Amino acid sequence: MIAFVSGPVAAVAPDTAVIEVGGVGMALQCTPATLAGLRVGQQSRLATSLVVREDSLTLYGFADDDERQVFELLQTASGVGPRLAQAMLAVHSPDALRLAVSTGDEKALTAVPGIGKKGAQRLLLELKDRLGEPLGSAVPSARSAAAPGWSDQLHTALVGLGYATREADEAVAAVTPQAEEAVAAGGKPQVAQLLRAALQTLNRTR
């Protein structure tokens with residue numbers, strides 16, 4: 001098992017980071033929050049989980065060991081694969097997920113794309129004795145409460161991808177209506193989707 005990778009960041013994409021390890025570029029699937037903290041050329045250490053399939057080997061990267069552990073525990077529930085587990089961590093921090101499960105917060109789980117009412121009920125039942133209690137004293141309800149707002153995360157991710165501050169500002173402004181529509185509909189802006197939209201805007205202007 002590859003427990004972690006450490007080295008300079010070679011590239012950052014909307015859902016992937018490449019870390020150079022001994023002259024080899026290791027591609028890691030990461031959440032938007034993890035990618036937002038990376039800078040091309042800077043040293044980074046990411047905890048990892050290797051998912052083995054018959055036709056693929058996929059390495060997932062995480063900001064810390066706790067996030068990696070929760071990612072793996074989530075997959076012990078029926079119907080939860082690595083992509084859905086990562087989507088849950090893109091919306092909620094590890095402690096927020098622990099709190100949601102320990103308090104039976106169905107609404108928190110249905111905030112994750114791909115989880116409906118019945119799925120949330122099943123997950124609450126299956127994960128109740130697996131995730132444990134929150135580790136921190138102050139627990140945010142979701143990523144948005146613990147991390148910078150969507151616009152800050154998006155701006156940081158774009159700069160990390162190599163775009164100039166002015167370009168990042170313009171791209172954030174371009175997708176702001178899309179984020180506001182999500183809020184008006186009672187949801188929360190999804191940074192991964194906004195990042196893709198922002199990159200499309202930047203590609204059109206170049």
Side-chain angles (χ1 to χ4, degrees), residues 13-16 28-36 49-56 58-63 66-136 139-151 153-154 157 175-200:
D15 56 4
T16 309
L28 290 80
Q29 298 287 319
C30 304
T31 65
T34 298
L35 293 170
S49 179
L50 180 63
V51 176
V52 180
R53 295 286 185 267
E54 289 185 2
D55 58 349
S56 67
T58 306
L59 199 59
Y60 288 81
F62 308 92
D66 183 42
E67 192 171 65
R68 188 258 314 279
Q69 181 182 25
V70 170
F71 171 80
E72 294 175 346
L73 284 172
L74 290 172
Q75 293 177 73
T76 63
S78 58
V80 179
R83 290 189 179 278
L84 183 56
Q86 189 178 50
M88 294 173 74
L89 286 166
V91 175
H92 298 292
S93 68
D95 258 2
L97 283 172
R98 291 189 181 99
L99 181 65
V101 171
S102 63
T103 59
D105 189 350
E106 183 181 306
K107 186 176 180 180
L109 294 187
T110 56
V112 178
I115 298 181
K117 183 179 178 66
K118 290 185 178 180
Q121 293 172 342
R122 186 189 71 251
L123 289 173
L124 289 174
L125 184 64
E126 293 189 23
L127 294 172
K128 187 174 183 180
D129 298 322
R130 301 179 191 179
L131 291 186
E133 295 296 320
L135 303 179
V139 182
S141 61
R143 284 285 189 188
S144 58
W150 70 265
S151 59
Q153 289 188 41
L154 179 58
V175 300
T176 294
Q178 183 176 333
E180 292 175 343
E181 286 179 8
V183 173
K188 64 186 292 291
Q190 299 296 317
V191 177
Q193 295 176 7
L194 293 172
L195 180 56
R196 292 188 182 93
L199 289 172
Q200 289 174 357

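Here the structure is a predicted model, which is why all the values come from computation and not from measurement.
Residues L127 and L73 form no side-chain contact, since every pair of their non-hydrogen atoms from C-beta on lies 4.5 Å or further apart. Between L28 and T34, the closest side-chain pair of non-hydrogen atoms is not below 4.5 Å. Contact check for L74 versus L131: side-chain heavy atoms found under the 4.5 Å cut-off. Side-chain contact between T176 and L194 is absent, with no heavy atoms from C-beta onward closer than 4.5 Å.
Nearest heavy atom pair, residue L99 against residue S102, reads O-OG, 3.1 Å. Minimum heavy-atom separation, L154 to A198: CD1-CB, 4.3 Å. In plain terms, the two heavy atoms of L84 and P113 that are nearest each other are CD1-O, 3.9 Å. Across all non-hydrogen atoms, the minimal contact from A100 to A108 is CB-CB, 3.8 Å. Contact record, L124 with L109: CD2-CD1, 3.6 Å, taken as the closest heavy-atom pair. The two residues A13 and L35 make their nearest non-hydrogen contact at O-CD1, 3.5 Å.
Sorted by first and then second residue, the side-chain hydrogen bond (donor to acceptor under 3.5 Å, both in side chains) pairs with a member in residues 76-85 read T76-R130, S78-R122, S78-E126; sequence neighbours excluded. Applying the salt bridge (Lys or Arg N to Asp or Glu O under 4.0 Å) definition to pairs two or more places apart or across chains, those involving residues 105-116 are E106-K117.
Judged by distance alone, the side chain of Q29 and the main-chain N or O of T58 form no donor-acceptor pair under 3.5 Å.
Taking CD1 of I115 as the reference point, atom CE of M88 lies at 4.0 Å (rounded to 0.5 Å).
Residues passing the side chain to side chain contact (heavy atoms under 4.5 Å, CB included) test with P82 are V51, R53, Y60, F71, Q75, sequence neighbours excluded. Taking D66 as the reference, D64, Q69, V70, P94, R98, L135 meet the side chain to side chain contact (heavy atoms under 4.5 Å, CB included) condition, with sequence neighbours excluded. Here E181 pairs with nothing under the side chain to side chain contact (heavy atoms under 4.5 Å, CB included) rule; sequence neighbours left out. Under the side chain to side chain contact (heavy atoms under 4.5 Å, CB included) criterion, L50 pairs with V52, L57, L59, sequence neighbours left out.
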